[in-house]
Amino acid sequence: MARFFLTTAIDYANGDPHLGHALEKIGADAIARYRRLAGDDVHFLMGMDEHGQKVKQAADEEGVSPQAFVDRVAATFEDAWQHLDISNDQFIRTTDPAHKRGVKALIERIHEKNPDDFYEKTYEGWYCVGCELFKRENEIVDGRCVLHPTRELQWTEERNWFFRLTRYQSFLERLFDERPEFLRPETRRNEILALLAQGLEDISITRSRLSWAIPFPLRSSNGEEQGTWVWFDALPNYLTATGFPDKSYRELWPAQLHIIGKDITRLHCVVWPAMLQAAEIALPQQVWAHGFMTFGGERFSKSAGVAFSLQEAIDRHGADALRYFLLREIPFDGDGDFSWERFDERYNAELANAWGNLASRAIAMVEKYRDGVVPSGERTPLDQADLAELVEYHAALDGSRGYFLQEGIKRALASVGRGNEYVQSSQPWALAKDESKRAQLDDVLSAVIRALARQCVLLHPFVPAKTEELWRQLGAPGRVSDQRFDGLAGLDAAGWKVRKGASLFPRTPNER
RNA sequence: GGCAGGGUAGCUCAGGUGGUUAGAGCACGGCACUCAUAAUGCCGGGGUCGUGGGUUCGAGUCCCACCCCUGCUACCA
């Protein structure tokens, strides 16, 4: 059994979870569930990034300690993920003692293996208050930051520890050359190639004024203790989650897949690989950078999130419907827009009318015409079409070219469309009136139930709870989550006792 | 400013190496059916393929210019 260790970005603990966070976790969960159905031994990691100035500030504003603050925020996030049926196996927090120990060990290991990689330097440069960043020459036009031309730049000095990123320039070039699949999708890879072509610079990895941070383990020349830069603290979570530095960390590491937002690509594809290489630790196999969701055309952010809560979106049609909609509507390799209108539209058209109703009519006919027992029947073109399309379904989801979740859903949904067409054209209700056509009716009923069962498996990564519910209504044995893709071809529903339950996806009137 | 990608039906998008009447889903209109969540199926209307040139027997598909949009432009989580 192949191991599949996948991770999501850990979320920064300075606010409540919103739909933007949810998109990534739901997508990652779909991939995790897909791998389980493919037979992999999956380990799915998520977590929280809890250090940094902004967390400290937010805690101060509420008059609570940073730890109390992040404890509350983390609980809120974990609660949200539970409501969305996210199947993570582990939830790491950067304030966990084990994580702090791991980061310290990693830094010490880099220092031990490559003592030259850390050095102290007084950094001075133009600081843009708008960006809250030091700006480079090529980002300054007419003495002002290109992104904030109305602000004055400030000349600032600070003595920090630096990481010699420049030493890994050629290593990274070779990585991207030899392993084109390391970063996907292609557009993100091109951006990193452009960055490498431009040439890297060393990065400062400590902050002198940072109190809410992991203390940097190396002693400064002036005796001052500095806080570790948040990313040098956050990125190693993927490694510390495996138990690093305990030897057993090799049982999980290296990760097969890091799932991140496209905005933090360079941290994961330049800084993180360089850190691992400096520590002489194996690199993860692949990084997938997904796009973002907009709301009403606006970038989904804290401010837009105020428009509605994650819970409101869940309450609309249920968690499964939200999961389905986000992954169906927004391409996982790019950006997409969320709107209530589209949500209702897809819910009614695809989940209620197409799929829910196909299940409803099929189960009702088995009950009415065969006393609820699925007859045995011949294979039909419906089976053949579904099995033929499996190739495309897997091509979209198995990672060989990337993770095109939207495409995978489309392939599964095509089976639903064929099912409805098949029922309509074979007119089982007419066959039922003619006793001489009993065998034909058996063929039709069994074919449709088989198709529904296959749909349960194919859609399970996206719609986990409802597929289990339909599986039960079909009278199928066991659970969907225990099925395997390679069992689909031989799937047979003969003898199953169907039980019609409540509508899978009740149609809702268009509101708003 | 630089680099990259994109502008195709009301909406979201497909359209390898140029070639018959430019496609899909949703939405809209008509018809059929009754097993089903007034659901489903079939048919149909609808597009100057961003703008202006060029190459070619022929361009949405190649070349040039321009307009517009988006992303990236390292230590913001």
Side-chain angles (χ1 to χ4, degrees), chain A residues 9-15 48-55 94 123 128 130-136 138-139 141-142 146-147 160 162-163 165 186-188 190-207 229-235 260-267 270-271 291-292 294 329-331 334-337 339 341-342 345-346 348-369 406 410 413-414 417 419-432 444-445 448 500 502-508:
Chain A
I10 51 176
D11 295 307
Y12 197 58
N14 70 339
M48 300 297 297
D49 181 9
E50 305 184 322
H51 289 123
Q53 200 58 40
K54 289 186 180 176
V55 166
T94 57
Y123 194 72
C128 173
C131 297
E132 292 192 53
L133 291 177
F134 285 102
K135 307 306 289 189
R136 288 157 40 122
N138 65 357
E139 292 173 293
V141 173
D142 296 333
V146 289
L147 303 177
N160 293 324
F162 275 69
F163 175 58
L165 188 60
E186 205 62 22
T187 51
R188 305 277 89 89
N190 289 338
E191 287 171 7
I192 298 301
L193 290 177
L195 175 70
L196 289 174
Q198 173 195 326
L200 299 175
E201 288 180 14
D202 292 344
I203 54 175
S204 70
I205 55 164
T206 63
R207 291 298 119 91
W229 172 46
V230 283
W231 277 106
F232 232 73
D233 164 353
L235 288 167
I260 60 165
K262 63 182 183 180
D263 57 335
I264 51 178
T265 308
R266 72 181 52 76
L267 281 316
V270 174
V271 178
F292 288 126
T294 55
E329 181 75 2
I330 296 152
D335 297 344
D337 194 57
S339 81
E341 290 72 20
R342 294 286 287 181
E345 224 173 86
R346 287 212 186 278
N348 280 326
E350 298 174 0
L351 292 179
N353 295 351
W355 194 32
N357 185 53
L358 175 63
S360 176
R361 67 198 301 206
I363 292 169
M365 284 191 285
V366 171
E367 289 192 334
K368 193 165 178 177
Y369 303 143
Q406 189 189 42
K410 275 192 211 169
L413 200 63
N420 276 316
E421 283 169 35
Y422 179 73
V423 171
Q424 190 68 27
S425 62
S426 42
Q427 307 196 337
W429 51 90
L431 298 175
V444 173
L445 295 179
V448 177
K500 183 154 187 165
S503 289
L504 219 49
F505 300 101
R507 239 186 101 81
T508 59

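This structure is a prediction, so every number in the text was calculated from the model and none was measured. Just so we're on the same page: letters track the sequence lines, and every chain starts at 1.
Formation of a donor-acceptor pair under 3.5 Å by the A:Thr94 side chain with backbone atoms of A:Ala234 is not found in this model.
Nucleotides B:rG29 and B:rU70, compared at atom P, are 34 Å apart to the nearest Å. Taking atom C1' in both B:rU34 and B:rU21, the straight-line distance is 37 Å, to the nearest Å. If you take atom P in B:rA14 and the same atom in B:rC3, they sit 26 Å apart, rounded to whole Å. If you take atom P in B:rG5 and the same atom in B:rA65, they sit 15 Å apart, rounded to whole Å. Across the C1' atoms, B:rU8 and B:rG23 are found 10 Å apart, a figure rounded to whole Å. The C1' atoms of B:rC33 and B:rU40 are separated by 8 Å, rounded to the nearest whole Å. Across B:rG60 and B:rA9, the matching P atoms stand 14 Å from one another, rounded to whole Å. For the C1' atoms, the distance from B:rG18 to B:rU55 is 12 Å, rounded to whole Å.
Remark: B:rU56 base-pairs with no nucleotide; criterion is Watson-Crick or G-U wobble with both hydrogen-bond distances under 3.5 Å. Across all strands shown, B:rA24 pairs with B:rU12; the Watson-Crick or G-U wobble distances both stay below 3.5 Å. Using the Watson-Crick or G-U wobble rule with both distances under 3.5 Å, B:rG45 pairs with nothing in any strand shown. B:rC35 is unpaired under the criterion used here, namely a Watson-Crick or G-U wobble arrangement in which both key atom distances are under 3.5 Å. Across all strands shown, B:rA65 pairs with B:rU51; the Watson-Crick or G-U wobble distances both stay below 3.5 Å.
A:Thr187 comes within contact range of no nucleotide atom at all, as no heavy-atom separation falls under 4.0 Å. Using a 4.0 Å heavy-atom cutoff across all strands shown, A:Lys262 reaches sugar-phosphate atoms only and no base atom.
Two residues, A:Ala234 and A:Arg188, neighbour RNA chain B, and the one matched to the more 5' nucleotide by heavy-atom proximity is A:Arg188.
In this structure, A:Phe505 and A:Ala352 approach most closely via the heavy-atom pair O-CB, 3.2 Å. When all heavy atoms are compared, the tightest approach of A:Val230 to A:Gly52 is CG1-CA, 3.6 Å.
Under the side chain to side chain contact (heavy atoms under 4.5 Å, CB included) criterion, A:Asp202 pairs with A:Tyr119, A:Phe162, A:Arg164, A:Leu165, A:Thr166, not counting sequence neighbours.
Using a 4.5 Å heavy-atom threshold, the side chains of A:Asp335 and A:Lys262 count as touching. For the pair A:Arg507 and A:Asn353, the minimum side-chain heavy-atom distance is below 4.5 Å. Using a 4.5 Å heavy-atom threshold, the side chains of A:Val448 and A:Val366 count as separate.
A:Arg207 has a side-chain polar atom (N or O) that falls below the 4.0 Å cut-off from OP1 or OP2 of B:rC76. For A:Arg266, a side-chain nitrogen or oxygen approaches OP1 or OP2 of B:rU73 to under 4.0 Å.
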Across nucleotides 32-42 of chain B, 5' to 3', mark each nucleotide with B, S or - according to how protein heavy atoms within less than 4.0 Å reach it.
-SSBBB-SBS-
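Atom-to-atom distance recorded for A:Glu350:CD and A:Glu345:CD is 9.5 Å, nearest 0.5 angstrom.
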